[in-house]
Amino acid sequence: MQYNFKEIEEKWQKKWQENHAFRAQADSGRKKYYLLEMFPYPSGKIHMGHVRNYTIGDVASRFKTLQGYNVMHPMGFDAFGQPAENAAIKNKTRPADWTYKCIKEMETELKKMGFSYDWDREVATCDSEYYKWNQWIFLKMFERGLAYKKSSNVNWCPSCQTTLANEEVIEGGCWRCHAKVEQKDLEQWYLKITEYKEKLLEDLGQLKNWPERVLAMQNNWIGKSSGVDINFRLKGSDKVIPVFTTRVDTIFGATYIVLAPEHPLVRELIKGKPQEKEVLSFIEKVAKESKLVRTSSDVKKEGAFTGSFAINPVNNEEVPIWVADYVLMEYGTGAIMAVPTHDQRDFLFAQEHQLPRRLVIMPKDGSVKSAEELKEAYEGEGLQVNSGEFNGLLNTEAKTKIAGWMEKNGMGKIQAHWRLRDWLISRQRYWGTPIPIIYCPQCGIVPVPDKDLPVELPADAPFTGEGGSPLAKVKEFVEVKCPRCAGGARRETDTMATFFDSSWYFLRFCSPKFTAAPFDQQEAKYWMVVDQYIGGIEHAILHLLYSRFFTKFFQDLKMIDFNEPFDRLLTQGMVLKDGEVMSKSRGNIVDPDSMIKDYGADALRLFILFAAPPETELEWDKRGLEGAFKFLNRVWRIQDNLVDTARPEMLKNLHKTIKKVSADFSEFKFNTAIASLMELTNAVYQSGADRKVLQSLVIMLSPIVPHFAEELWGILGNKESIFKSAWPQYDPQLLVEENIELPIQINGKLRSKIEVSRNLPEDKLKELVLLDQKVVPWLEGRAPKKIIIVPQKLVNIVV
RNA sequence: GCUGGAGUGGUGGAAUGGCAUACACGUCGGUCUCAAAAACCGAUGGGGGCAACUCCGUGAGGGUUCAACUCCCUCCUCCAGCACCA
């Protein structure tokens with residue numbers, strides 16, 4: 001006999017919905033728990049990745065509820081973005097219609113999984129009630145100079161016909177469509193995330209409950225590197241060329257300096273020089289290269305001499321100034337000092353162009369004594385040579401000494417440079433938040449006044465897929481009166497990157513219908529911070545970095561009093577099939593919906609939690625799903641074999657399980673928690689359980705298989721929902737065993753076991769152990785050298 | 001190259017100094033059945049032995065310890081992020 005999952009699941013989903021069973025309300029008398037999973041893009045269908053992410057969250061949410069917390073577990077939709085526009089082009093629909101239809105479908109699918117969301121808090125970022133506040137936030141940033149417009153070389157996706165943020169370029173391709181990203185000079189809107197770079201880096205240290213790898217990735221991305229900006233004076237001029245180095249210990253070995261081809265000084269340096277023509281054609285050539293080619297390290301390093309010289313401030317030496325493609329304008333000062341002996345790139349370049357080199361760090365073992373012996377740059381530690389007063393010092397020590405000395409003498413400045421760039425948010429797309437800016441021929445850039453928010457998206461626009469902002473073609477949208485002078489003006493027609501929307505949605509969930517501000521500060525004070533956040537590793541940089549930035553901004557506005565939004569972060573692993581990521585192109589997608597039809601949502605939830613720990617990759621296994629279903633049926637049948645009173649061993653077993661499962665749930669170790677529940681089931685299955693034992697088992701299963709548990713709970717005679725009951729407590733008294741089995745090791749290897757009373761004194765235990773049948777032959781008649789007793793754990797005899 | 005993570009049966013995985021392989025999948029054997037499915041019971045790291053038992057075994061090698069999957073050192077392999085970043 002099998003339990004009727006279809007009927008049971010529908011029944012309980014209906015009840016939960018009717019009762020608003022998971023509605024959360026702030027209550028200062030109760031301890032809150034804010035559990036959040038990264039909200040989805042509403043594609044219309046959920047995939048196994050969603051199932052895994054949201055199942056993990058749901059179990060945690062229901063577990064915390066049973067533990068008595070006031071849990072908020074909201075859900076919404078990250079609803080702006082390109083697929084809606086693509087669908088509009090393809091199906092001749094409006095992006096809004098398509099999106100809201102998908103949201104409906106997606107809600108239905110999520111409900112079929114039995115997730116315990118407070119649907120009363122649902123938000124969709126494409127609602128003007130939501131994106132109004134994107135515009136409000138943007139304007140607050142604009143007021144403070146954190147949103148600004150600049151013309152610059154930007155990443156351009158030719159396929160999506162829009163600009164991209166640095167964070168959206170993955171291996172030289174577009175994060176969405178993988179098309180090769182091009183460079184373009186455009187005037188665009190930026191958010192000054194670099195204003196917060198120190199805090200973003202420093203506060204990573206607070207995030208004790210984040211995975212190492214996410215912290216490492218953010219650290220890399222922010223990319224602080226400390227060194228010295230050294231002032232090289234231009235020969236025959238007062239002009240100074242600052243170069244950045246992290247290896248100031250090698251300054252005495254700098255034999256030339258190199259500028260990036262885009263360096264503003266280059267054209268001035270070559271003016272009227274015999275090299276002018278050659279350098280100009282080189283610059284032109286580099287300008288044509290794509291960034292991907294330019295920055296790949298295996299390309300030959302090319303360059304040209306400018307005909308000018310600079311003065312090394314530490315020894316007043318004249319060094320030639322070169323231009324080369326391996327120096328990038330956007331990092332450091334766009335200029336470097338070259339030390340061919342101790343930097344491999346400089347070494348290769350110097351070899352190619354016959355530039356001199358000088359040894360300034362000598363390996364301590366004396367293996368290298370002069371620059372001529374080097375076959376490659378020596379980048380290791382060593383003693384300073386040819387370095388004036390610093391000779392003989394270990395280079396690692398000399399580094400700080402030289403830096404201090406240079407700063408004191410005005411030769412340079414101790415300085416850090418960062419990898420993090422400002423965030424480009426302009427997108428030449430329709431389906432996003434309109435940037436609330438008006439361009440007036442008289443007044444210039446004018447922000448839309450708060451009272452005119454939201455700047456609503458027109459319901460329709462011409463979608464051709466030919467590029468250019470569709471909004472620019474909507475006359476009624478573009479033409480507007482200037483809020484300052486009331487003269488004719490035009491609106492900004494670009495929209496915001498969708499990552500803007502998701503950078504603060506966790507705050508909106510605290511008061512989703514609030515009309516006076518993005519969020520109600522009182523509500524946020526109660527609910528924030530997010531106690532547990534769960535989502536995919538793909539957001540390790542983008543979304544998580546932006547959310548941290550917004551949080552710090554709100555703190556500066558004094559709207560909140562914390563500086564990090566997410567206390568604990570769990571990044572769940574991917575769901576694989578045959579060792580590969582499930583994807584349409586591979587044709588290896590397993591549709592959750594068909595699995596729900598065949599085995600039920602509960603079995604699917606159980607399998608996905610049991611098959612692997614949450615952070616690791618999970619291999620899809622249909623047979624594993626069948627196994628989960630079989631287990632549920634096994635538990636279901638226990639009700640047919642109820643006994644009147646639980647035997648003492650059974651109770652002991654139960655309390656052991658409660659202890660283990662409670663600990664495992666708290667640490668998100670669902671796979672081992674389930675294993676314990678299976679052990680308990682196996683232990684009572686044949687002999688029969690009493691009502692109490694079965695009830696406790698069902699409560700412990702309920703976060704994982706909620707419909708199943710509700711039904712069985714009712715059958716056992718309970719009138720209220722199982723989620724109104726309490727998580728079982730274990731009785732430590734019951735866990736104490738009178739007799740324990742001790743393993744006996746000889747020289748660290750297991751040879752025997754002995755059952756003894758728990759409190760047997762050590763000398764008695766020793767006596768018993770030495771008389772053990774299996775131990776005696778190993779002693780060969782001699783006395784043991786040593787007997788180690790780990791109380792109540794094991795005995796080890798050394799012979 | 002830098003940074004982070006991982007490597008355990010046929011498979012997913014368990015064990016954070018103390019009984020290696022819990023739990024499950026698979027496989028094999030059995031019970032029930034005319035038969036099959038379901039359900040139930042049992043076996044299942046490798047070698048040797050009729051057996052009691054014994055030797056080997058957690059990517060490789062070394063070390064610390066009475067005792068190492070676990071700690072330390074040296075390396076290998078795989079995955080991920082960053083990278084002509086000065």
Of the listed nucleotides [options], the one nearest the side chain of [X]:
X: A:Phe244; options: B:rA24, B:rA86, B:rC19; value: B:rA86
X: A:Glu212; options: B:rG5, B:rA14, B:rA24; value: B:rG5
X: A:Met678; options: B:rA86, B:rA24, B:rC19; value: B:rA24
X: A:Gln686; options: B:rA24, B:rC19, B:rC41; value: B:rC41
X: A:Asn220; options: B:rG18, B:rA86, B:rU3; value: B:rU3
X: A:Ile336; options: B:rG18, B:rG4, B:rA86; value: B:rA86

Pick the closest RNA chain B nucleotide for A:Leu794 and for A:Ile797 by heavy atoms, then say which residue is nearer the 5' end.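 On the 5' side of the pair lies A:Leu794.
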Using only heavy-atom distances, decide whether a donor-acceptor pair under 3.5 angstrom links the side-chain of A:Lys753 to the base of B:rC19.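 Per atom types, the contact qualifies.
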Same-atom distance ([atom1]) from [N] to [M], integer angstrom:
N: B:rC56; M: B:rC69; atom1: P; answer: 13 Å
N: B:rG59; M: B:rC79; atom1: C1'; answer: 15 Å
N: B:rA24; M: B:rC41; atom1: P; answer: 11 Å
N: B:rA14; M: B:rU3; atom1: C1'; answer: 30 Å
N: B:rG45; M: B:rA20; atom1: C1'; answer: 10 Å
N: B:rU27; M: B:rG17; atom1: C1'; answer: 35 Å
N: B:rG42; M: B:rC23; atom1: P; answer: 12 Å
N: B:rG46; M: B:rA39; atom1: C1'; answer: 34 Å

Distance in angstrom units between [X] [atom1] and [N] [atom2], rounded:
X: A:Asn796; N: B:rC66; atom1: CG; atom2: C1'; result: 5 Å
X: A:Asn747; N: B:rG18; atom1: CG; atom2: C1'; result: 15 Å
X: A:Lys622; N: B:rA24; atom1: NZ; atom2: P; result: 21 Å

Does [N] pair with anything, Watson-Crick or G-U wobble, both distances under 3.5 Å, and if so, with which nucleotide?
N: B:rA24; value: B:rU11
N: B:rC32; value: none
N: B:rU64; value: none
N: B:rU3; value: B:rA80
N: B:rG45; value: B:rC56
N: B:rC85; value: none

Applying a 4.0 Å non-hydrogen cut-off, can you work out what A:Val798 is touching in the nucleic acid: base, sugar-phosphate, or nothing?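 Contact class for A:Val798: sugar-phosphate only.
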Using a 4.0 Å heavy-atom cut-off, does A:Lys660 contact any base of the nucleic acid, only the sugar-phosphate backbone, or nothing at all?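 Contact class for A:Lys660: none.
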I'd like to know if [X] and [Y] make a salt bridge, using a cut-off of under 4.0 Å between side-chain N and carboxylate O.
X: A:Glu317; Y: A:Arg358; result: yes
X: A:Asp772; Y: A:Lys774; result: no
X: A:Lys285; Y: A:Glu302; result: yes

Answer yes or no: does a side-chain N or O of A:Arg623 lie under 4.0 Å from OP1 or OP2 of B:rU11?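 It does not, given that no N or O in the side chain of A:Arg623 lies less than 4.0 Å from OP1 or OP2 of B:rU11.
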Fit a plane to each ring of A:Phe349 and A:Tyr326, take the angle between them on a 0 to 90° scale, and name the class: parallel (under 30°), tilted (30 to 60°) or perpendicular (over 60°).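 Rings of A:Phe349 and A:Tyr326: tilted, 30 to 60°.
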Would you confirm whether A:Glu407, through its side chain, and A:Lys413, through its main-chain N or O, come within 3.5 Å as a donor-acceptor pair?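 Here the side-chain-to-backbone pair does not exist.
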Flag, side chain of A:Trp210 to backbone of A:Phe566, donor-acceptor distance under 3.5 Å: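 Between the backbone of A:Phe566 and the side chain of A:Trp210 there is a qualifying donor-acceptor contact (under 3.5 Å).
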Taking all non-hydrogen atoms of both residues into account, name the closest pair between A:Asn231 and A:Pro313 and its distance.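 That would be O-CG, 3.3 Å.
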